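Just so it is clear: chains get the letters A, B, ... in the order the sequence lines come, proteins before strands, and each one is counted from 1. Worth saying up front: this structure is predicted, and the values here are computed from it rather than measured.
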Amino acid sequence: RAARPSVLSAVRERPFLIVTGETGSGKSTQLPKYLFEAGLAKHGAIGVTQPRRVATISVAQRVAEEMGCLLGSVVGYQVRFDDCTTEDTAIKYMTDGCLLRQILADPLLSKYSIIILDEAHERSLSTDILFGLLKKLFLQKKPPNRKTAMKVVVMSATLEVDKLSEFFGHCSVLHIPGRSYPVKEIYCNLLSPRDIGSSAYAVKVTLDIHLNEPEGDILVFLTGQIEIERACDLLFKKAESIDYRYEVHDQSVEGLLILPLYGSMSTDQQKRIFLPAPTGIRKCVVSTNIAATSLTIDGVRYVVDSGFVKQLNHNPRVGLDILEVVPISKSEARQRAGRAGRTSSGKSYRLYSREFWEQCMPDHTVPEIRRTSLTSVILTLKCLSVHDVIRFPYLDCPEERHILEALKELYQCNAIDRRGHVTRLGEFLVQFPLPPNLTCAVIKAASLDCEDLLLPIAAMLSVENVFIRPGDPQKQKEAELQHQELSSQVGGCNDFATLLNIFEQCKSPSAWCQKYWIHWRALKSAFSVEKQLREIISKLKQLPDFPKEAFEGSRTEILRRCLCAGYFINVARRSAARTFCTMDGHGSIVYIHPSSTLYNQETRLEWIIFHDVTVTSKIYVRTVCPVRYEWVKDLLPRLHQINAYELSSVAREEVTEEEITKWKHKEDLKRQYGEFHKKMERRNDDQSILDARARYLERKQQRAQGLSGPVKEIG
DNA sequence: GAGCACTGC
């Protein structure tokens, strides 16, 4: 409240303002209110973005309550599938991805007078793109249909503020002091380097806290479901054997309530962590990173931080995503520690040494824009007339080869032309909340008037895995048999068709889902996605230039041919008994994943297309479908027709055909001399896959050894 | 004969 006058004058004077403050300073709820009360929303709404849906809705609810109005009137929110706003909404909370969609429809954001980007320090992909777009929007002359110039406020935890301020033309920075409590940081003395971040060591430290520290709940951060469940089992066994009459120093703590927490748990199971523990019982939540930002648990006084996280990294050279266990950054460690200081002072136990902190942990997490495939993002930018996608004002530039790869893929699916301009198909593709290649298949189907085949598949592929895999081996077998049954009902040789079959058969959370071991929550969201996709496609089909084709063939053949239209980039040919070689220029050797219905049928196949790749003990392709050579042969040349550098030269600036020819000649020369370098680069990337594989095998071995590692006995 | 951290449109 004290900051109110300075916030108002800063926003009035300059186009950009940065506001920093720890969580709990109330900036998300209070600041938009101040701006509204000061009359700054007269010529357009105040839009506030958040990276997550749940946070968006709950902040909007709180502000509506505080202002004594109905949610959806003056204060409203918009997230995917849920628009709770009216014409009169003056303070509109929304997810950052939602605002990005709105920019596509209205590039000047003429409905808004102020845009507030909240949680900017999280550096979500959408927020990063919005940074650049809003900066560009300001640099343009004030458009005639805007009454006042756009104002932009960026709200962030205290983090890389100088960089952010410089990015927005050295704008002013206001700090709002928070009300969080001090958290003492404790580095653990390790018995051996293998202990760093291990579940076994986390269990030991947790029990030490439980037996020696005054009341207050414990939050343990581990990397994944398996690690969490193993730690919970061991904690339970150890905690059970404690004789509290002799062991506990603080008499008020008599037992330990152990609760696992990770994203794939059902919502009901997740809710348990919010219930307060019975008197005298200490709650201990063992969680993935989900508890670092997405879920807040009150009453935590002790954090146990493994120092690691599972991170999805994209490798553009081989075109693969690899899920890796990596050390967290220092700022992420501070974020985790902060979870102990929300209601009183707390302690954070770090399962690593000071030395590890200083030498192995980076200052900041690499932002998503530098770690992810950029195909959709680049298409969005191109559709917003950002032709030069390399020199777009990024707060952090993506690696050039990530951009090149994205351009190449967009060219391959005919979303952009040889000169890097968006095609009509590209304009269709950008409308969909799906990866462009999958959308190609959907559009192909719609042009044949049989989108009913592809929409459910597209929806199923964009939600979490619908197949349940229970931990118990007996049940696992049972589940596998049922999944096989679902596949053989539609011929047993096409994983995409199996997804369609599931979507069509199940319409309610009946016994059906239980019988077939299908995840109802995932299926339900697939229904919502399908509905949304259907709405988009029916709008597009009304356009006069939407493609129309005719084709005679069986249902399964049409389905497979539509899939080819999108997935010809992911085509592979059998090269040895059980291996396939991709045709995308990387020529990777891949295996069919054992979860596929085509696993063990490799010798009967020659050409296949697949949805995605996972690198674990081998390079596996998942969700597979056999195709005929005739269906892809006309499409294959497109994979090699163009050199990505050619597209990039176009990306840098507008060039003439003549210049392209010149450039191509240079490119030929470069290619001759570059062969050696390319080979080396290739080898390095192969090495990175081998490294990932070695790390995976090592982890697996550690897992197999179970908890035989050095666990110091308690008492 | 297999592993899936977390978001978002």
Side-chain angles (χ1 to χ4, degrees), chain A residues 49-56 78-83 94-105 119 122-130 221-229 261-265 287-295 306 308-313 321-326 328 332 365 368 371-372 376-377 379-380 430-435 439 458-459 462-471 473 476-477 479-480 483 519 522 525 528-529 532-533 536 578 591-596 599-600 602 612 614-622 696-697 699-700 703:
Chain A
T49 70
Q50 291 280 332
R52 277 172 298 277
R53 291 167 57 95
V54 182
T56 308
Q78 187 187 350
V79 296
R80 190 185 189 183
F81 309 130
D82 191 1
D83 184 353
M94 62 204 137
T95 45
D96 47 12
C98 240
L99 185 61
L100 205 52
R101 288 274 131 187
Q102 289 170 46
I103 290 189
L104 273 170
E119 309 285 1
E122 287 191 25
R123 303 293 307 276
S124 77
L125 188 56
S126 300
T127 299
D128 262 21
I129 295 300
L130 287 168
F221 284 105
L222 295 178
T223 51
Q225 181 177 346
I226 290 169
E227 293 82 356
I228 286 167
E229 270 167 2
L261 174 66
Y262 42 83
S264 60
M265 270 171 32
S287 170
T288 59
N289 230 17
I290 195 171
T293 47
S294 305
L295 296 174
S306 66
F308 286 86
V309 69
K310 274 187 190 167
Q311 197 174 66
L312 194 67
N313 292 316
D321 287 336
I322 304 176
L323 191 70
E324 286 179 289
V325 177
V326 296
I328 58 172
E332 211 171 335
T365 309
E368 199 184 353
R371 288 190 281 117
T372 195
S376 294
V377 162
L379 180 61
T380 307
V430 82
Q431 308 287 324
F432 290 83
L434 296 174
T439 317
S462 54
V463 300
E464 52 186 321
N465 193 358
V466 294
F467 298 103
I468 296 173
R469 245 185 83 82
Q476 209 171 91
K477 255 215 156 96
E480 260 168 45
H483 295 160
H519 215 292
S525 45
S528 320
V529 176
Q532 186 193 22
L533 299 177
I536 300 171
R578 307 191 56 187
Y591 291 77
I592 292 181
H593 194 270
S595 65
S596 167
Y599 182 80
N600 271 339
E602 290 86 347
D612 70 347
T614 174
V615 182
T616 51
S617 59
K618 292 188 181 83
I619 303 179
Y620 285 109
V621 295
R622 290 183 299 193
Y696 166 79
L697 289 174
R699 282 206 303 280
K700 191 174 165 182
R703 226 175 320 179

message: Quick check on B:dT7: is either OP1 or OP2 less than 4.0 Å from any side-chain nitrogen or oxygen of A:T95?
response: no

- prompt: Mapping A:V79 and A:H593 onto DNA chain B by nearest heavy atom, which one lands closer to the 5' end?
  reply: A:H593

task: Provide, to the nearest angstrom, the distance between the CG atom belonging to A:L130 and the P atom belonging to B:dC9.
output: 13 Å

- prompt: Counting only side-chain N and O atoms of A:R53, is one of them less than 4.0 Å from OP1 or OP2 of B:dC9?
  reply: yes

- request: Remember a base hit wins even if backbone is also touched, and classify A:R52 as base, sugar-phosphate or nothing at under 4.0 Å, heavy atoms.
  value: sugar-phosphate

- prompt: Hey, is the side chain of A:S124 poking within less than 4.0 Å of OP1 or OP2 on B:dG8, counting only N and O atoms?
  reply: no

task: Return yes if a side-chain donor-acceptor contact under 3.5 Å exists between A:T127 and A:S124, otherwise no.
output: yes

message: Tell me whether the side-chain N/O atoms of A:R578 come closer than 4.0 Å to OP1 or OP2 in B:dG1.
response: yes

Length of the CD-C1' vector between A:E122 and B:dC6, whole Å: 10 Å

task: Assess whether one donor atom and one acceptor atom, taken from the side chain of A:E480 and the base of B:dA2, lie less than 3.5 Å apart.
output: yes

query: Is A:R578 positioned over the aromatic face of A:Y599, cation under 6.0 angstrom from the ring centre and no more than 45 degrees off axis?
result: yes

field: Spacing between A:H483 atom NE2 and B:dA2 atom C1', to the nearest angstrom
entry: 14 Å

query: So what does A:Y262 hit on the nucleic acid, given a heavy-atom distance under 4.0 Å: a base, only sugar-phosphate, or nothing?
result: sugar-phosphate

- request: Rounded off to whole Å, could you give me the CZ-to-P distance for the A:F81 and B:dC9 pair?
  value: 8 Å

- line: When rounded to the nearest 0.5 Å, the distance separating CG of A:D96 from CZ of A:R101 is 12.5 Å

- request: Provide, to the nearest angstrom, the distance between the CG atom belonging to A:D128 and the C1' atom belonging to B:dT7.
  value: 14 Å

task: Ignoring hydrogens and angles, state whether a donor on the side chain of A:Y262 or A:E229 is under 3.5 Å from an acceptor on the partner side chain.
output: yes

field: Short side-chain N/O contact to B:dC9 OP1/OP2 from A:S376, under 4.0 Å
entry: no

- request: Would you kindly give the OH-to-P distance between A:Y620 and B:dC4, to the nearest whole Å?
  value: 12 Å

message: Just to be sure I understand the rule, does A:S126 reach a base, reach only the sugar-phosphate, or reach nothing, if contact means heavy atoms closer than 4.0 Å?
response: nothing

- request: Check the distance between B:dG8's C1' and A:L100's CG and give it to me in whole angstrom.
  value: 10 Å

Salt bridge present between A:R52 and A:E119 (N-O < 4.0 angstrom): no

field: Sugar-phosphate, base or nothing in reach of A:S462, heavy atoms under 4.0 Å
entry: nothing

